[in-house]
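Encoded as structure tokens, the structure appears first; notes follow it.
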Amino acid sequence: MSCKNRFVVVAGEMTTNTYIDIQDVVRKTIKEAGYDNPAFGFDGNTCGVLASISEQSPDISQGVSEGQGLFKEQGAGDQGLMFGFATNETPELMPLTLVLAHKLLLRLRELRRTKTLLYLGPDAKSQVTVEYLDDVPQRIDTVVVSTQHLPSATHDQIQKDMIDCVIKPVCGKLLDSNTKFFINPTGSFVIGGPVADSGVTGRKIIVDTYGGHGSHGGGAFSGKDPSKVDRSAAYAARYIAKNIVAAGLADKCEVQLAYAIGVADPVSVLVHCFGTNKIPEEKISELARKHFPLKPADIIKELNLRRPIYKKTATYGHFGRNEPEFTWEKTDKVDVLRKDAGI
């Protein structure tokens with residue numbers, strides 16, 4: 001999906017026997033995101049919606065459909081590298097910088113939806129710079145919060161509210177007298193959303209994942225069904241990495257999976273622990289292959305990915321969330337990993 005000004009284009013491929021009211025889905029989604037007020041330039045009630053949907057290419061379909069293609073089992077929907085990451089620096093086993101950035105935006109959403117701050121608009125961004133010592137977070141150096149607002153709100157008012165009502169409740173003791181705050185650094189953020197910038201589904205791949213920690217294969221998640229390993233294998237890689245860290249096999253772990261289109265088995269499984277591993281990385285890689293699903297069909301089954309669960313992932317990241325839809329966040333392999341690792 002792409003958005004610009006007062007126009008939305010929905011494009012893609014699907015194979016289905018049912019009818020989908022794309023207009024209705026798009027408009028409801030836009031309004032739920034907060035774009036229901038013409039004052040912000042973009043309104044789900046009045047914007048134009050154009051759908052351009054076709055059936056999936058048979059050349060791709062035969063590679064991802066069981067019983068078709070060269071290998072007669074469901075293969076990867078594309079070639080490429082997918083990465084998963086985990087670190088024990090937060091309870092979510094996620095990088096602290098990203099956890100804080102998401103929590104700032106969740107706090108902003110709460111204040112907007114409860115109408116605590118009436119001037120807030122739906123568009124917002126955040127960024128947190130944390131100072132580390134020997135890989136341990138020490139303090140917050142800089143916090144950036146940019147929020148769309150009505151023209152009636154002054155910069156001084158917004159800055160005070162963002163520091164007192166958003167940043168301090170979220171960041172707490174990690175702030176100190178030397179922490180720098182940049183609130184709407186350009187001075188004004190009245191025009192936002194698709195009016196200010198064209199938007200395309202799935203472009204925020206770093207904030208969707210680990211905030212720049214670890215690696216990224218370049219593939220987006222949003223807009224793709226789980227037959228695409230860009231999505232499902234990235235979830236599997238996080239599932240593996242999180243369980244490795246939760247089991248105490250390493251303090252930090254990155255898992256790389258690589259696939260060829262139409263081929264079920266990954267062509268590469270690589271585990272990297274940044275020198276924090278408690279047992280040899282080769283042994284951890286062996287345990288990953290032994291105890292976790294790696295073929296696309298197995299990943300989909302293990303994580304129950306063929307459900308309408310992806311709406312929540314469109315905002316506030318795909319990882320580090322303790323919600324029932326996010327099955328790749330479970331740590332159900334900890335005991336068996338510990339046992340096989342002998343720790």
Side-chain angles (χ1 to χ4, degrees), residues 3 28-44 90-92 94-130 140-175 179-197 199 201 203-212 222 311-323 326:
C3 305
K28 283 182 178 178
T29 302
I30 291 169
K31 288 185 284 186
E32 287 175 10
Y35 291 101
D36 56 1
N37 184 348
F40 292 116
F42 187 56
D43 183 358
T90 64
E92 298 90 349
M94 290 285 287
L96 177 63
T97 48
L98 189 70
V99 169
L100 292 175
H102 285 315
K103 286 183 176 180
L104 289 171
L105 293 179
L106 285 165
R107 176 66 176 161
L108 264 176
R109 183 183 70 174
E110 177 188 352
L111 294 174
R112 176 173 58 83
R113 289 186 172 179
T114 59
K115 301 188 184 303
T116 303
L117 299 177
L118 292 172
Y119 60 79
L120 290 177
D123 198 357
K125 297 180 285 187
S126 68
Q127 184 171 292
V128 181
T129 303
V130 172
I140 292 176
D141 180 80
T142 307
V143 181
V144 183
V145 174
S146 296
T147 180
Q148 189 180 14
H149 59 88
L150 291 171
S152 56
T154 67
H155 187 267
D156 288 344
Q157 176 188 4
I158 296 169
Q159 179 158 297
K160 183 179 186 305
D161 288 342
M162 292 303 101
I163 293 173
D164 293 342
C165 301
V166 179
I167 297 173
K168 287 183 177 179
V170 169
C171 298
K173 295 180 180 179
L174 287 167
L175 302 171
T179 300
K180 299 180 284 293
F181 303 107
F182 293 102
I183 312 299
N184 284 6
T186 64
S188 180
F189 190 0
V190 173
I191 302 172
V195 179
D197 298 288
T201 296
R203 290 176 64 198
K204 300 296 186 181
I205 59 175
I206 296 301
V207 76
D208 272 351
T209 53
Y210 308 102
S222 296
K311 187 174 183 179
K312 283 187 177 181
T313 66
T315 52
Y316 313 112
H318 293 241
F319 306 117
R321 299 171 63 168
N322 185 25
E323 300 178 56
F326 292 71

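Values reported hereafter were calculated over all heavy atoms of this structure, with side chains retained and with hydrogens, waters and symmetry mates removed.
Distance OG/S152 to CD/Q157: 7.5 Å, rounded to 0.5 Å. Taking NE2 of H149 as the reference point, atom CD1 of I191 lies at 10.0 Å (rounded to 0.5 Å). Rounding to the nearest 0.5 Å gives a distance of 6.5 Å between CG of N184 and OG1 of T147. In this structure, the separation between OH on Y316 and CG on L106 is 5.5 Å, given to the nearest 0.5 Å. Atom-to-atom distance recorded for L98:CG and S126:OG is 8.5 Å, nearest 0.5 angstrom. Here D161 contributes atom CG and I167 contributes atom CD1; the two are 11.0 Å apart, rounded to the nearest 0.5 Å.
No donor-acceptor distance shorter than 3.5 angstrom exists from the side chain of Q127 to the backbone of V144, with no hydrogens or angles considered. With hydrogens and angles ignored, the 3.5 Å screen pairs no side-chain donor or acceptor of Q148 with any backbone N or O of G121. Listed for the D123 side chain is no donor-acceptor partner under 3.5 Å among the backbone atoms of G192. Using modelled atom types, one side-chain atom of R321 and one backbone atom of K312 make a donor-acceptor pair closer than 3.5 Å. Side chain of T179 to backbone of L175: no donor-acceptor contact under 3.5 angstrom is found.
For the pair I158 and L117, the minimum side-chain heavy-atom distance is 4.5 Å or more. The shortest side-chain heavy-atom distance between V130 and D141 does not fall under the 4.5 Å cut-off.
Using a cut-off of 4.0 Å between Lys/Arg side-chain N and Asp/Glu carboxylate O, E92 and K103 are scored as salt-bridged. Under a 4.0 Å N-O distance rule, the pair K204/D208 does not qualify as a salt bridge.
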